[in-house]
Amino acid sequence: MLDLNRLKALHAVHVYGSVGAAADALMVTPSAVSQQLAKLERETGATLLERNGRGVKLTDAAGLLAEHAERILALVETAEADFEALRGAVVGRLNVGAFPTAARGLMPQALTLLSKRHPDLAVHLNEREPERQIREVARGELDLVVVQDWLNRPIAVPEGLSRATLLDDIADVALPASHPLAERKEVELAELCGDRWISSSPGTICHDWLVFTLRSAELEPEITCRADEYPTQLALVEAGLGCAIVPRLGRVHIPEGVRMVPIRPRQTRRIYALWRSDAARRPAIRAAVEALVHASKELELGWITPTVS
C-alpha cells in the first residue's frame, strides 16, 4: 500500500524541482522530505532519486510515479470534498493564502468571523504574492487564496479554478502636502509629468502595473524609492521624496503631510477569492468565501472618507 504522505512528498519534488523547494512548499524540513522518499523507495523497490551535480533529480521511475501521484491526490481531494459535503459540517483544516495588503487589511476580520461561526474549522493563513498563490491553489497546496489584479492589466487564471469577486479597491495618488496639485479634487495622470515616483520592488505585480500605467499615460516613470509596504511609501511621500499610487486597502493611516487625490481615469484593482472548482462542494470553502464577502462589504462601508492620523 502506497502511503499518501510519501506520494505527496514525491509529487512536490516533481513540481518544484528539488527537495529543498518541496520542503518549503510542504512546510516541513528537507530531511523530512528525504525520509519520506527513502521510505517510498523501500516500498516500491525502485530508485527514485539520483545525483545531479550538487543536487538530485527524479529517475524515470519516480517521474512515472509522480504522474500517478498527481491523479491519486486529486482523487483523494475530490473524495474528501464529497464526504464533507455529505456531512454538511464546516470542520477540518483549511489552508488559505493572501497577498500582503489583504493579509493585513482584510484577513483578520474575515478569519475572526469564520472562527466565531465555525469554531471546529482550523484555518491556516499564508502570506504570498498573487502569482505564487495562483500556482499553489492550482496544485492543491492551498485550498483558497485572496489575490488581486488591476482592471487595466488582469492576470491569467488557470482553468479549473473558481472565483468570487470581493471588492474593487480604488487607488489614489499620494502627494506631499507641498505639491502644487495637492489640494486639487482630482488630477489627470498626465499632469504628474516630471514627478518622481515611489514604488514597490521590481518584479512585483504593483511595480509592473505602475510602470505599465504611467507609460500608457505617456509618462516615463522616474522611480527613486522602492518599498513594498504602503505605510513606508506614504512616509517617503510625506518626506517629499516622490509621489505614489496607493489603494485604499493599503492605507491604514494617512500621514499629516500627505494628501490623497483621486486620479482620472480612475485606477482600480479587483480583489477576489480563488479555489479549485473540484473542491467547491466543501462546506469549509463556502463558509470561508461567505466570511470574506462579509468582511469586504464592511471595509467598503468604511471607505467613504479616508481619515488623517
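For reference, positions follow the sequence shown, starting with 1.
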In Å and rounded to the nearest 0.5 Å, what is the [atom1] to [atom2] distance from [X] to [Y]?
X: I285; Y: D278; atom1: CD1; atom2: CG; answer: 11.5 Å
X: E191; Y: R184; atom1: CD; atom2: CZ; answer: 4.0 Å
X: D169; Y: I271; atom1: CG; atom2: CD1; answer: 4.5 Å
X: H11; Y: L65; atom1: NE2; atom2: CG; answer: 11.0 Å
X: Q148; Y: D168; atom1: CD; atom2: CG; answer: 12.0 Å
X: I205; Y: I155; atom1: CD1; atom2: CD1; answer: 4.5 Å

Is it possible for you to say whether [X] and [Y] belong to one hydrophobic cluster, with membership spreading through side-chain heavy-atom contacts below 4.5 Å?
X: I263; Y: Y230; result: no
X: V293; Y: L111; result: yes
X: L210; Y: V147; result: no
X: V187; Y: V237; result: no

Are any side-chain N or O atoms of [X] and backbone N or O atoms of [Y], one a donor and one an acceptor, separated by less than 3.5 Å?
X: Q133; Y: R128; answer: yes
X: T165; Y: Y272; answer: no
X: D143; Y: N95; answer: yes
X: E50; Y: T59; answer: no
X: E183; Y: L181; answer: no
X: S216; Y: F212; answer: yes
X: R251; Y: V246; answer: yes
X: E238; Y: G257; answer: yes

Side chain proximity check, [X] to [Y], heavy atoms < 4.5 angstrom:
X: Q267; Y: T213; answer: yes
X: V33; Y: V28; answer: yes
X: R269; Y: L249; answer: yes
X: V90; Y: R117; answer: no
X: E290; Y: L114; answer: no

Does R266 CZ have over 12 foreign heavy atoms under 6.0 Å away?
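No, CZ of R266 has 12 or fewer neighbouring heavy atoms, counting only those of other groups under 6.0 Å.
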
For [X] and [Y], which I'm curious about, is there any donor-acceptor pair between the side chains at under 3.5 Å?
X: H179; Y: R259; result: no
X: W209; Y: D149; result: no
X: Q35; Y: S31; result: yes

For Q233 versus S199, what's the shortest heavy-atom pair and its separation?
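Result for this residue pair: NE2-C, 3.7 Å.
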
Looking only at heavy atoms, what is the nearest atom pair of A62 and L48, with distance?
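Reported closest heavy-atom pair: CB-O, 3.2 Å.
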
Using the side chain to side chain contact (heavy atoms under 4.5 Å, CB included) rule, take L58 and L10 through it: C-alpha gap first, then chi angles, then the decisive distance, then the call.
CA-CA 9 Å; L58 297 182; L10 176 66; 3.8 Å; yes

Between L125 and E127, does the side chain to side chain contact (heavy atoms under 4.5 Å, CB included) criterion hold? Intermediate values first, please.
CA-CA 7 Å; L125 174 64; E127 184 179 291; over 6 Å; no

Would you check, one step at a time, whether the test side chain to side chain contact (heavy atoms under 4.5 Å, CB included) holds for R276 with L161?
CA-CA 4 Å; R276 289 180 303 286; L161 297 182; 3.8 Å; yes

When you look at L214 and L192, which way does the side chain to side chain contact (heavy atoms under 4.5 Å, CB included) test go after all the steps?
CA-CA 10 Å; L214 293 178; L192 297 170; over 6 Å; no

Could you list all the salt bridge (Lys or Arg N to Asp or Glu O under 4.0 Å) pairs where at least one residue sits in residues 194-219, not counting sequence neighbours?
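Counting only pairs at least two positions apart or across chains, the salt bridge (Lys or Arg N to Asp or Glu O under 4.0 Å) contacts touching residues 194-219 are R215-E220.
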
